[in-house]
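Predicted model only: the values in this text are computed from it and were never measured. First the proteins, then the strands, lettered A, B, ... as listed; each starts at 1. Values below: every heavy atom of this structure, side chains too, minus hydrogens, waters and symmetry copies.
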Number of protein chains: 2
Amino acid sequence: MKGDRSSKEFARFEAYLKEHGLKATRSRELVFNEILSSPGVHPNAEEIRRRLRAKKKPVGLATIYRTLNLLVRSGLVTAIDLGESHSHFEPDWERLSHGHLICLSCGRVQEFSHAEIQEAVDRIGKEKGFLLDRFSIQVFGHCRDCSAARRRAKTP
Amino acid sequence: MKGDRSSKEFARFEAYLKEHGLKATRSRELVFNEILSSPGVHPNAEEIRRRLRAKKKPVGLATIYRTLNLLVRSGLVTAIDLGESHSHFEPDWERLSHGHLICLSCGRVQEFSHAEIQEAVDRIGKEKGFLLDRFSIQVFGHCRDCSAARRRAKTP
DNA sequence: TTTAATGCAAACATTTTGCACCCTG
DNA sequence: CAGGGTGCAAAATGTTTGCATTAAA
């Protein structure tokens, strides 16, 4: 099972912590696990706190934020912008990158693979003399269900 | 001169205001003008306030925020995410869209044109059944100058 | 003169930080 | 048992809002 303390990802986290003289604590395990084990959820800090509390494994919000920063620094987790006033988080599955399609009506988030856009970005980087690190793309629109509902509402 | 009260853009703003029963005030003119007349600056709210104050035309921060929201709603200005904790703003030159290349060393922002990425996004939208509205892309890396400086530092 | 706009300060939302106590290595 | 980690509350941001006053139309 993903996100387990025995998973490859958790082992990478432990390695990162050891390498930096930091400790593998229960709270850190819980937060990382919550992100790893909720594919497609893209939780924010508050959501992670809610989920952990619901599981009777409460972790303080400050610790959650500190752990999220740690995970992002380690490269194991990515912070994503879904057009809201706070950050969301998802596992960084070894550069298997993707963008996010965000429905402006229902808020649902779908992922799409990057491949061809990645090539275009590489080309642009070369052209402008940029040494690329990463990029992110957000696409806003209305999902199939919501645009169907819109059409029904407009043409009665 | 761009951003002048006589410009095409300002006329569009006035039209939008009239259409919505709102007033064309001096503060609104000043804020919009500041964005129109600073190409490549991508100011945030605080920066706009600073610039107006420096010109002895101070506008309250609340008014600046209210005006920015208005301009974004009207489609005349776009809010952009440059990876910081606040929004930046730029004129929306009639869908002549572009992405932003952000230097992680010096913070400089360069723009690049979207065209080929736009096509890829359209394809993805069609594939996923999304009715697209807009998209934004941020590319992070190190600009030519900064990556040259890095190389010098590493290979002395 | 009517109605919307402004400035200020207070309220909010999100994230960070200081500090006394706790736990991991 | 030493040094990092945690929770809590306070602080720091960035942005929005309520209200008395001012200014467009």
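Put simply, chain A comes within 4.0 Å of DNA chain C, heavy atom to any atom, from C:dT14 to C:dG25, going 5' to 3'.
With hydrogens and angles disregarded, no donor-acceptor distance shorter than 3.5 Å links the side chain of A:Thr63 to the backbone of A:Val59.
Computed from coordinates, the A:Leu30 CG to D:dG5 P distance equals 16 Å when rounded to whole Å. Note: CG (B:Leu17) to C1' (D:dA23) measures 15 Å, nearest angstrom. If you take CD1 of A:Ile64 and P of D:dG7, they are 8 Å apart, rounded to a whole angstrom. What separates CD of B:Glu14 from C1' of D:dA24 is a distance of 12 Å, to the nearest Å. Put simply, CG on A:Leu71 is 13 Å from P on D:dG5, counting in whole angstrom units. With rounding to whole Å, B:Leu61 atom CG is found 9 Å from D:dT15 atom P. Atom CZ in B:Phe89 sits roughly 12 Å away from atom P in D:dG14 (whole-Å rounding). Between the CG atom of B:Asn69 and the P atom of D:dT16 there is a distance of 5 Å, rounded to whole Å.
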query = Should B:Leu70 and B:Leu22 be marked as a side-chain contact (heavy atoms from CB on, under 4.5 Å) after you check the CA-CA gap, both sets of side-chain angles, and the distance that decides it?
reply = CA-CA 10 Å; B:Leu70 195 58; B:Leu22 304 173; 3.8 Å; yes

message = Set out, in order, the CA-CA distance, both residues' side-chain angles and the distance that settles side-chain contact (heavy atoms from CB on, under 4.5 Å) for A:Phe32 and A:Phe10, then state yes or no.
response = CA-CA 8 Å; A:Phe32 188 28; A:Phe10 195 72; 3.8 Å; yes

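Contact check, A:Thr25 against D:dT6: a side-chain N or O comes under 4.0 Å of OP1 or OP2. For the OP1/OP2 pair of D:dT15 and a distance below 4.0 Å, the side-chain nitrogens and oxygens of B:Tyr65 include at least one atom meeting the criterion.
Nucleotides of DNA chain C nearest to B:Leu22 and A:Ser87 differ in position, and the one nearer the 5' end is that of B:Leu22. When each of B:Lys23 and B:Val59 is assigned the nucleotide of DNA chain C with its nearest heavy atom, B:Lys23 is the one assigned upstream, toward the 5' end. Residues B:His86 and A:Ser27 both approach DNA chain D. Their nearest nucleotides, taken by heavy-atom distance, put A:Ser27 toward the 5′ side.
One finds a salt bridge joining B:Glu47 and B:Arg51 here, because a Lys/Arg side-chain nitrogen approaches an Asp/Glu carboxylate oxygen to under 4.0 Å.
In terms of the side-chain contact (heavy atoms from CB on, under 4.5 Å) criterion, residue partners of B:Ala45 (sequence neighbours excluded) are, by chain and number, B:Leu61, B:Ile64, B:Tyr65, B:Leu68.
Considering only the side chain of A:Ala62, D:dC8 comes nearest among D:dT16, D:dT6, D:dC8. Among D:dT15, D:dA25, D:dT6, the nucleotide with an atom closest to any side-chain atom of B:Ala24 is D:dA25.
Applying side chain to side chain donor-acceptor pair (under 3.5 Å) to B:His100 and the options B:Gln110, B:Gln138, B:Glu90, B:His88 leaves one that passes, B:Glu90.
B:His142 and B:Ser105 share a side-chain donor-acceptor pair at under 3.5 Å.
Residue-level contact check: A:Arg66 touches the bases, meaning some heavy atom is under 4.0 Å from a base atom.
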